[in-house]
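Read the structure below first, then the notes.
A note on names: the letters A, B, ... follow the listed sequences, proteins ahead of strands, and every chain is numbered from 1. Please read these numbers as outputs of a predicted model, since none were measured by experiment.
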Number of protein chains: 2
Amino acid sequence: MDDRTARARIRDAAIECFADSGVAGTSVREIAGRAGVSAGLVMHHFGSKDNLRVACDEHVAATIRSQKGSAMGQGAAFDPVSSLRASAGGPPLIRYLARTLVDGSPHVAELVDELVEDAIEYIELGVTTGLIMPSDRPRERAIVLTLWSLGSVVLHEHVERLLGVDMTADLTADPKRSAPYVQAVLDLLTGFITPTTRELLTQAFGDGQETR
Amino acid sequence: MDDRTARARIRDAAIECFADSGVAGTSVREIAGRAGVSAGLVMHHFGSKDNLRVACDEHVAATIRSQKGSAMGQGAAFDPVSSLRASAGGPPLIRYLARTLVDGSPHVAELVDELVEDAIEYIELGVTTGLIMPSDRPRERAIVLTLWSLGSVVLHEHVERLLGVDMTADLTADPKRSAPYVQAVLDLLTGFITPTTRELLTQAFGDGQETR
DNA sequence: TTGTCAATTGAACAGGCGTTCAGGACAGAT
DNA sequence: ATCTGTCCTGAACGCCTGTTCAATTGACAA
């Protein structure tokens, strides 16, 4: 039936549980139950709940990392997260990520940093091919865009409620269904604030370089 | 010293604890300890931990709701969350909100809906005064903008790490310090995607209305 | 002074938690 | 057939959890 090794089954069950209820809200016995093993076996394989959590972090990060880049189509232009959404091995991983982004795992933080670096890279590419407007603070721009995308995933429950779009699924898989989100994003990223307003706010917040 | 009623002290301590470690990660005794009372008194005043959590939800929502609108300056144009950041009674409330946005409280979801409605309203105002570009899907645009702003708050840890900006504090209080974030936002919201790219993606995702 | 009522404590409870451990089951090597 | 080692279980451990409750305090009314 299930030819995964017990260790892998436990790990996957833990990822699902953690994604559903958070780490603190999940007991070792729940995980064992979902994996169809005893609580003792969980300890045998991972030593402690905390170790198991670290193993989950690493596995999720590794999986996403390995499948990243395989889906950097045109959609990636406005959505740095599309790459991991498209092929992260299903919703559980994404939902796990969404949870873990908030309560702070070093492995996931590292993954975020990599997403930012990737974003910087292909935004630069987009600039040279004329798809994206240039900027004189590309790094900051990529960071904010990446975190906005990740934030939408973290708040997927609210996106679902307000817009009916499932941010844990590949947006390009069913374009019609994800249109409300994508269209709004395009609206915002092609000109939400007028140039005059921008100049006003730029002065108010300083233009980045010290001018004094 | 502390002239708050014990009930209020417990509630405030709970908000801090929940903001720090999440609801599941906080024990009643911890809360009692921080409030300087016994665990029994917590139960006496709130009946159960779950009731206490609901009381926190309601108090945070009520506080934010009451102080909202007092700070709808020009900053609100690109930041629907600025109003609650500016005067929500300090970081604890915002951090509590950030936590609760993820593990789903009905009261907080309601609050999000209100923020969206507010955003729709003053974006419309911005359009009439020429500060903001018009859109033919104002609702969706306001939703996404609001969730992006909230997402940045939820991921404040990462914003801090990558950009050095504290999203739990009022951005307008120290413009120089929050400049990296604000400047990037302005970059993105005044034209990130070129018009040609937009047309390309609009076709790919359908333009909202059925055309067939 | 006595009575009343709310605020508050600390001990106690049952149950769940993470973790440990002795031992069973079963494979492959000798 | 016996040994060896790994996988795995179920019972047990001590601790911590949320919750209950009798008892104490202190303020205010009669």
Practice task
Could you walk me through whether B:R161 and A:V112 pass the side-chain contact (heavy atoms from CB on, under 4.5 Å) test, one step at a time?
Solution key: CA-CA 11 Å; B:R161 186 185 71 247; A:V112 172; 3.8 Å; yes
Is it true that [X] and [Y] make a salt bridge, defined as a side-chain N closer than 4.0 Å to a carboxylate O?
X: B:E117; Y: B:R139; answer: yes
X: A:D20; Y: A:R95; answer: yes
X: B:D166; Y: B:R177; answer: no

Using a cut-off of under 3.5 Å, enumerate the N/O to N/O pairs linking the protein to nucleotides 22-25 of chain D.
none

Fill in the blank from the handout: Its contact letters, B for base, S for sugar-phosphate only and - for none at protein heavy atoms under 4.0 Å, make nucleotides 8-19 of chain D read BBB-B----BBB
Fill in the blank from the handout: Heavy-atom closest pair (B:E140 atom, A:A184 atom, distance to 0.1 Å) is O-CB, 3.5 Å
Practice task
Test A:S105 against A:R53 for side-chain contact (heavy atoms from CB on, under 4.5 Å), laying out the working first.
Solution key: CA-CA 9 Å; A:S105 131; A:R53 185 237 152 96; 3.2 Å; yes
Exercise for the section: Walk me through it: do B:L186 and A:F205 pass the test side-chain contact (heavy atoms from CB on, under 4.5 Å)? Expected result: CA-CA 11 Å; B:L186 294 179; A:F205 282 89; 5.9 Å; no
